[in-house]
Amino acid sequence: PCRSPAARATRTRRAGLLVFDGKKLRVFAEGLAGVGVTALAGDEGDFWVGTRTQGVVHWHAGTMETVGVSEGLPDAMVSDVAVSSAGVFVGGPRGVAVIRDGHVERVVGVGLFVRALAVSGETLEVATVDQGVRAIGVGGGRGRKAAGLSAASAKSADSGRDDRFVEGVSAGFGRGDSSVEVERFFTGGGELFAVGSDGLLRKGVGGWTKVLGVSGGGLADANVSALGFGADGRLWVGYFDRGLDVLDVESGRAQHVEDDHVFCVNRIVADAKRGTVDVATANGLVLFDAARGRPVEKQVLGRKDGLISDQVTDVAFSGSGMAVATPAGLTLMGAGGAQSLYSFQGLANNHVYALAADAKSDVVMAGTLAGISMVDAATVRRNVTLRNSGLKRNWITAIAKVGDEWFVGTYGGGVVAMSAAGVVSAMDGAGSGAVVNPNAMLVAGNHVLVGTLDGGMLVFDRRSRRWSTVVEGLPSRDVTAFAERGGEVYVGTANGLVRVAETELP
């Protein structure tokens, strides 16, 4: 509201209504200086200002008019204002006042503590503090004026039938469902959206549907470091320093695991052959029996079991076995036991951050601090570095097999593509200069998702071979992990977990 090429109005809690001319802020009008402003609606020539203690102020034709309790508002505190051809709707702690021709015509939704308002077609959507979202019809003829109505008399007036306002419950939220908390409505592309407690919702013909969900209200922490699905459909959520949760995505219930081994989680990978969920941590590789009703620690692998280090940064499965990345080198575990590779055997660097494997062969790509080591049959076949390739950075943080090529994420150089022969090619729009977070890369259907340290999520469309950047809707620009199941992608960040349908990706 109140936008023009020359100026933009800004509401504040204490400084009143300010206007920005492109260079500086100034008080819009003397009568609105120092007023606690809660809402703005309208356009620059005719708009309404909701206040914390003085009702609503109408600015039009260079004049101001105040509509307060004495003029018919049920409360002097205004939560939100919505303007439409059906009237001006002013919401507060005691319902919604309907203003037409500058006068309070009546009060509807008596008893609703209004948080936000929006007009959609012939329906007024009312988000409340404690009663979910209600819908009030605004079609039909003119109602009677209610200037000076108290809340009690307004409630009495509402008891009769009125052709213009018909109250009901908005489809998609459920009658009496107070668990849905909507903070704000907004429009985009001609559609109405609601920012709710569990994500972003869109109103359609059949009611409200979730287009972007926040999962894991019962999770132990918000600083997500790893994600992975078990065979039973539960989502395993690892944290930077709080162990992990096993989340039932349908019920939202989570089981927490945290001990001396399961503390700092780096990677979570399901092993379908053994029926385990393998969790790479700073204190070993912890294997869980995924078939049980609750996560049960089965085995902890460390140096005593043949790993080159107790600290595990990544896990991948090739055709012949398991590859384990550590800060001291790479350990390959197969039918013949454990075999470790480090710089003495030709590894580019001992510190291995990321792995990717070809399940149909023995090829393993190891991303290290000094480039990529291409390993085949437990032998380093080639090292791809800044000196002998088109790599922009030697520090490799993520790798994924995409069709016949490999996508490589770097620390400070974005993403590049590498052929099976080790030829590196730059990709336009792949976050040049971006810091790709460790193992924050996922191939999901027609997309490749990449998480960055402070630039949000990079999304690659495999059909058009174009990159996009997604920031809006993420709880943090620090994107750390991904998981996908049933066409839905779960995005882990430093400030929580978000769920989005793959069809909604760019």
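Below, each value reflects all heavy atoms present in this structure, side chains not excepted, and no hydrogens, waters or symmetry copies.
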Salt-bridge contact [X]-[Y] (side-chain N to carboxylate O under 4.0 Å):
X    : Y    : value
E191 : K203 : no
D80  : R184 : yes
E502 : R462 : no

Minimum heavy-atom distance [X]-[Y], with the two atoms named:
X    : Y    : answer
G455 : T469 : O-CG2, 3.5 Å
K392 : A426 : CE-CB, 4.2 Å
N495 : S476 : CB-CB, 3.7 Å
M441 : G409 : CE-N, 3.6 Å
A280 : V315 : CB-CG2, 4.0 Å
S79  : V114 : OG-O, 2.8 Å

Discussion item. Checking ring-ring contact (aromatic ring centres under 6.0 Å, His included) between W236 and each of F229, F288, Y490, which is the one that passes?
Written reply: F288

Worksheet item: Please walk me through it: do R499 and E250 pass salt bridge (charged side-chain N to carboxylate O under 4.0 Å, His left out)?
Response: CA-CA 12 Å; R499 178 175 60 191; E250 297 299 328; 5.8 Å; no

Item to complete: Would you please test V415 and V408 for side chain to side chain contact (heavy atoms under 4.5 Å, CB included) and show each step?
Response: CA-CA 5 Å; V415 183; V408 180; 5.9 Å; no

Side-chain touch [X]/[Y], heavy atoms, less than 4.5 angstrom:
X    : Y    : result
H256 : R242 : yes
V237 : V265 : no
T66  : V56  : no
T187 : L192 : yes
F263 : T281 : no
F185 : L201 : no
W59  : V49  : no
V96  : V90  : no

Using atom types as modelled and distance alone, determine if a side-chain donor or acceptor of [X] lies under 3.5 Å from a backbone N or O of [Y].
X    : Y    : answer
E504 : A501 : no
D314 : L355 : yes
D245 : L247 : no
T123 : E125 : no
T480 : V224 : yes
H447 : P506 : yes
T397 : P438 : no
H103 : G72  : no
T410 : W395 : no
D43  : D46  : yes

Worksheet item: Hey, mind stepping through I268 and V277 against side chain to side chain contact (heavy atoms under 4.5 Å, CB included) and telling me if it holds?
Response: CA-CA 7 Å; I268 299 173; V277 174; 3.7 Å; yes

Worksheet entry | F460/F407 aromatic ring centres below 6.0 Å | yes

Could you give the distance from [atom1] ([X]) to [atom2] ([Y]), rounded to the nearest 0.5 Å?
X    : Y    : atom1 : atom2 : value
L227 : E484 : CG    : CD    : 12.5 Å
M427 : R466 : CE    : CZ    : 15.0 Å
N223 : Y239 : CG    : OH    : 10.0 Å
L244 : L219 : CG    : CG    : 11.0 Å
H58  : T63  : NE2   : OG1   : 8.0 Å
M77  : Q54  : CE    : CD    : 13.5 Å

Fill in: L442 and V448: CA distance, side-chain angles, deciding distance, side chain to side chain contact (heavy atoms under 4.5 Å, CB included) verdict
CA-CA 6 Å; L442 174 72; V448 180; over 6 Å; no

Item to complete: Please step through ring-ring contact (aromatic ring centres under 6.0 Å, His included) for the pair Y411 and Y353, ending with a clear verdict.
Response: CA-CA 11 Å; Y411 191 96; Y353 281 89; 8.6 Å; no

Item to complete: Kindly check if the number of other-residue, nucleotide or ligand heavy atoms within 6.0 Å of CZ (F240) is above 12?
Response: no

Worksheet entry | Step-by-step side chain to side chain contact (heavy atoms under 4.5 Å, CB included) determination, V81 to V88 | CA-CA 7 Å; V81 180; V88 177; 3.9 Å; yes

